[in-house]
Amino acid sequence: MSFNGISGILNSPGEIPWEIVVLFFGAGILFTFIWGKRTGGLARFTTVDLIYIGIGAAFAVVWEFYIGAFLGKFIPSNPFFGIGYTGRLIALLIVAGLVRKVGVGMIAMFIFNLLSDLISYGFSGEPMYFLYEMLTYGLMMDLVIALAGPNLFGVKSPEKRTLAAKNKTSPRKGLEYITRMPGEYLAAFEGILIGLFWVVPEPLFYGGFISPFLYGGVVDWGKIVFDMIAFIPSAVIIGAIGGLITLRIVKAVGQ
Amino acid sequence: MNWLTVNIISWLLFFFGAAFPVLILLKAIGLTGLMKVTRYESYHSFYYKMNPAVKIMLGIIVMVVASVTIWWIGAIMTAIILASYLTLKDGKRKFITGLFLTMMTIIGTTWAFAPYTPYVILEEAFHTGSLTTLWTWPSYFTVMGYQPALTSQGIVYGFQISMRFAAVSLMSLVLVMTSTPSQVLRSLNKVGIPTSLTFSLVVAMRTIPRIFEYIDTSVKIQFMKGLGSNSPAFLRPFYMLSGAFSGIVPVIVFLVRGAKDTAISADTRAFRAYSKRTYMYPMAIGKIDKMAVSFMVLMILLTGIVVMLGFGRGIAYNG
């Protein structure tokens with residue numbers, strides 16, 4: 001017998017030890033609280049930020065349950081490319097590009113999850129999915145935002161032409177190279193970085209713990225490693241495209 | 001049967017599972033149909049009078065019952081919930097849209113499981129050592145994760161699994177169709193979710209039908225500009241799909257550009273000016289809610305009895 005669709009199996013063959021998972025999620029929650037306390041938490045997000053997050057989550061849901069769900073049926077189940085991953089990554093990259101504050105990844109994943117539960121899943125398997133999605137996909141996105149600083153996706157980089165003229169007069173050195181990269185390159189680079197981070201949770205956390213914990217089954221580590229490696233090329237391409245779309249949308253919105 | 005015929009039929013079967021649900025979506029439901037079932041419209045029947053928190057609870061109970069009982073209980077619940085769509089505003093249209101959505105769920109889920117489920121699981125689920133082969137796929141189909149052959153047990157297994165999803169999906173849409181976003185906001189605030197997060201959620205709930213509406217407009221404009229005008233009529237759904245795809249980024253830009261106006265509107269109404277909000281219409285628990293809660297208790301009791309009678313989860317459902 002299970003509780004809310006959770007069988008609670010902790011000893012499936014090959015399953016990641018629950019202590020490691022508790023440690024990871026515990027550290028994630030602690031980090032979120034400490035970071036929130038230090039930076040002002042939800043109050044730091046303006047009303048317009050919250051609206052961007054809502055719009056992004058709505059797009060992710062429309063893609064996940066309607067448009068992408070049906071397009072995905074034309075593509076056989078494979079470890080190289082995921083139509084759901086594509087839409088969700090691009091929608092969340094756009095939100096991150098518009099808001100550009102640490103915490104946006106986790107909040108957007110929370111809203112996306114809550115909305116998915118309200119319109120389709122009926123809170124099955126919760127609160128596992130909230131923890132999983134916020135503290136893996138959301139946290140990884142926030143990590144890149146924290147590393148990138150305010151010029152996330154090159155939204156503050158000067159135009160390519162002005163930059164080329166500037167570079168002629170003063171040669172670039174060390175880190176300056178990255179900060180003075182044209183916006184498009186920076187957008188693609190950071191999109192790829194987030195795309196690569198997002199390759200990990202599904203095979204590792206979901207396949208290695210969440211799925212056997214909720215439903216049982218045997219964990220095949222060979223498959224987990226293969227799935228992660230096989231997904232990298234498409235993650236690079238989708239991440240780059242997503243970064244460039246984000247930059248275009250952010251510019252079109254007038255930021 | 002020769003090699004070519006086997007390949008043609010196999011690919012037709014593959015595309016049936018992929019294209020038929022999309023065809024239902026585009027031809028029978030349409031983007032306006034999706035807009036209808038994801039948008040609130042004011043009316044006076046019992047769902048509209050129910051507290052959103054009770055509707056969320058009802059959804060959870062339906063999900064729990066469907067996941068712990070035999071497939072036909074899920075099927076009965078699906079039929080009852082679908083029939084209750086007739087009580088909604090513009091009920092006939094919503095019933096038909098709900099019916100098509102259910103068909104899509106059934107075909108989509110059945111086809112998502114039938115060719116892929118390993119024989120070991122099917123043999124365990126149906127307590128049999130011999131499976132009935134309906135169609136043998138070309139050997140290279142195994143690269144896509146297909147089993148060597150499509151079996152009748154695989155189809156029944158997929159169908160039974162679809163009965164775990166159909167009722168929950170229909171019930172979840174009831175919440176969206178019969179509660180205003182602000183009612184949902186108040187209910188979620190009551191359970192302790194911060195206003196900032198529920199505000200984002202409400203924006204998202206309001207945005208979903210608008211996305212369908214604007215994509216629909218974008219597709220129509222593309223058709224007016226001549227998209228696929230020289231192509232045969234049977235290709236029209238594909239042009240529609242391609243138009244919808246091309247419309248996504250402009251629709252995002254359009255919606256996001258309006259965000260500042262919404263923010264100004266919320267801020268000038270003192271959104272987040274105080275840590276607690278008061279409401280003109282408090283969310284009360286009425287007679288209908290009490291009846292619904294009693295009904296849920298009854299459902300749980302009946303489920304317990306049904307499981308004890310041996311009608312619990314009947315197949316080795318996994319995933």
Side-chain angles (χ1 to χ4, degrees), chain A residues 1-5 42-43 45-63 65-67 69-78 87 90-91 94 98 107-108 110-112 114-115 117-124 211 215-217 245 248-250 252-254, chain B residues 14-15 17-19 21-22 25 34 38 56 59-60 62-64 67-68 108 111-112 116 144-146 168-169 171-173 175-176 184 188 193-194 196-197 199-208 211-212 241 244-245 248-249 252-253 255-257 259-260 262-263 266-267 271-272 318-319:
Chain A
M1 199 69 185
S2 62
F3 164 74
N4 195 25
L42 277 172
F45 289 86
T46 61
T47 309
V48 77
D49 290 340
L50 298 172
I51 296 170
Y52 288 147
I53 291 171
I55 293 173
F59 264 99
V61 163
V62 165
W63 184 269
F65 295 102
Y66 301 103
I67 302 173
F70 299 108
L71 287 178
K73 290 193 191 302
F74 287 99
I75 301 162
S77 164
N78 72 85
I90 294 176
I94 293 168
L98 288 164
I107 297 176
F110 177 84
I111 302 295
F112 169 74
L114 192 55
L115 201 57
D117 277 326
L118 287 176
I119 74 155
S120 182
Y121 296 135
F123 293 87
S124 169
S211 173
Y215 315 112
I245 291 177
R248 176 162 288 198
I249 288 178
V250 174
V253 171
Chain B
F14 170 80
F15 279 111
V22 181
L25 175 77
L34 287 178
T38 51
I56 294 173
I60 295 174
V62 166
M63 183 269 298
V64 171
S67 68
V68 298
W111 220 240
Y116 298 105
M144 304 192 293
Y146 273 44
V168 185
S169 303
M171 195 64 228
S172 301
L173 286 176
L175 172 78
V176 183
V184 177
L188 292 174
I193 298 177
S196 306
L197 296 180
F199 177 72
S200 272
L201 180 79
V202 166
V203 170
M205 281 178 76
R206 278 196 192 282
T207 306
I208 291 173
I211 293 173
F212 292 125
L241 208 62
F245 198 73
I248 291 175
V249 171
I252 296 178
V253 173
L255 280 167
V256 164
R257 274 189 173 169
K260 280 177 189 157
T262 315
D267 286 336
F271 173 61
R272 294 201 299 179
N318 186 12

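Naming: A, B, ... by sequence-line order, numbering from 1 per chain. What you see is a predicted model; the values in this text were computed from it and never measured.
- Distance check, rounded to the nearest 0.5 Å: CZ of Phe110(A) to CG of Leu197(B) gives 5.5 Å.
- For chain A, the nearby parts of Val256(B) are the backbone and the side chain; heavy atoms of each come within less than 4.5 Å.
- Contacts between Leu175(B) and chain A at a heavy-atom distance below 4.5 Å involve the side chain alone, from C-beta outward.
- Ranked by heavy-atom pairs under 4.5 Å with chain A, the list Thr38(B), Val202(B), Val253(B) is led by Val253(B).
- Within the 4.5 angstrom heavy-atom criterion, atoms from both the backbone and the side chain of Leu255(B) approach chain A.
- In this structure, chain B has heavy atoms under 4.5 Å from both the backbone and the side chain of Val48(A).
- Annotation: the span from Arg206(B) atom CZ to Leu201(B) atom CG amounts to 11.5 Å, rounded to 0.5 Å.
- Taking 4.5 Å as the limit, some side-chain heavy atom of Phe59(A) sits within range of a side-chain heavy atom of Ile248(B).
- If you tally non-hydrogen atom pairs under 4.5 Å between each of Gly108(B), Ser200(B), Ala266(B) and chain A, the highest count goes to Ser200(B).
- Within the 4.5 angstrom heavy-atom criterion, atoms from both the backbone and the side chain of Ala259(B) approach chain A.
- Tyr146(B) does not touch chain A: none of its heavy atoms, backbone or side chain, sits under 4.5 Å away.
- With values rounded to the nearest 0.5 angstrom, Ile111(A) atom CD1 is found 7.0 Å from Ile53(A) atom CD1.
- In this structure, the separation between CG on Leu34(B) and CZ on Phe212(B) is 4.5 Å, given to the nearest 0.5 Å.
- Interface summary for chain A: among Val249(B), Ile252(B), Asp267(B), the most heavy-atom pairs under 4.5 angstrom belong to Ile252(B).
- In terms of non-hydrogen atom pairs under 4.5 Å with chain A, the most contact-rich of Val62(B), Val203(B), Val176(B) is Val203(B).
- Proximity to chain B is limited to the backbone of Ala43(A), based on heavy atoms less than 4.5 angstrom apart.
- Checked by atom type and distance alone, the side chain of Asp117(A) never pairs as donor or acceptor with a backbone atom of Leu114(A) at under 3.5 Å.
- Looking only at side-chain heavy atoms (C-beta outward), Ile55(A) and Leu98(A) stay at 4.5 Å or farther from each other.
- At least one side-chain heavy atom of Val253(A) sits less than 4.5 Å from a side-chain heavy atom of Tyr52(A).
- Only the side chain of Ile94(A) comes within contact range of chain B, judged by heavy atoms closer than 4.5 Å.
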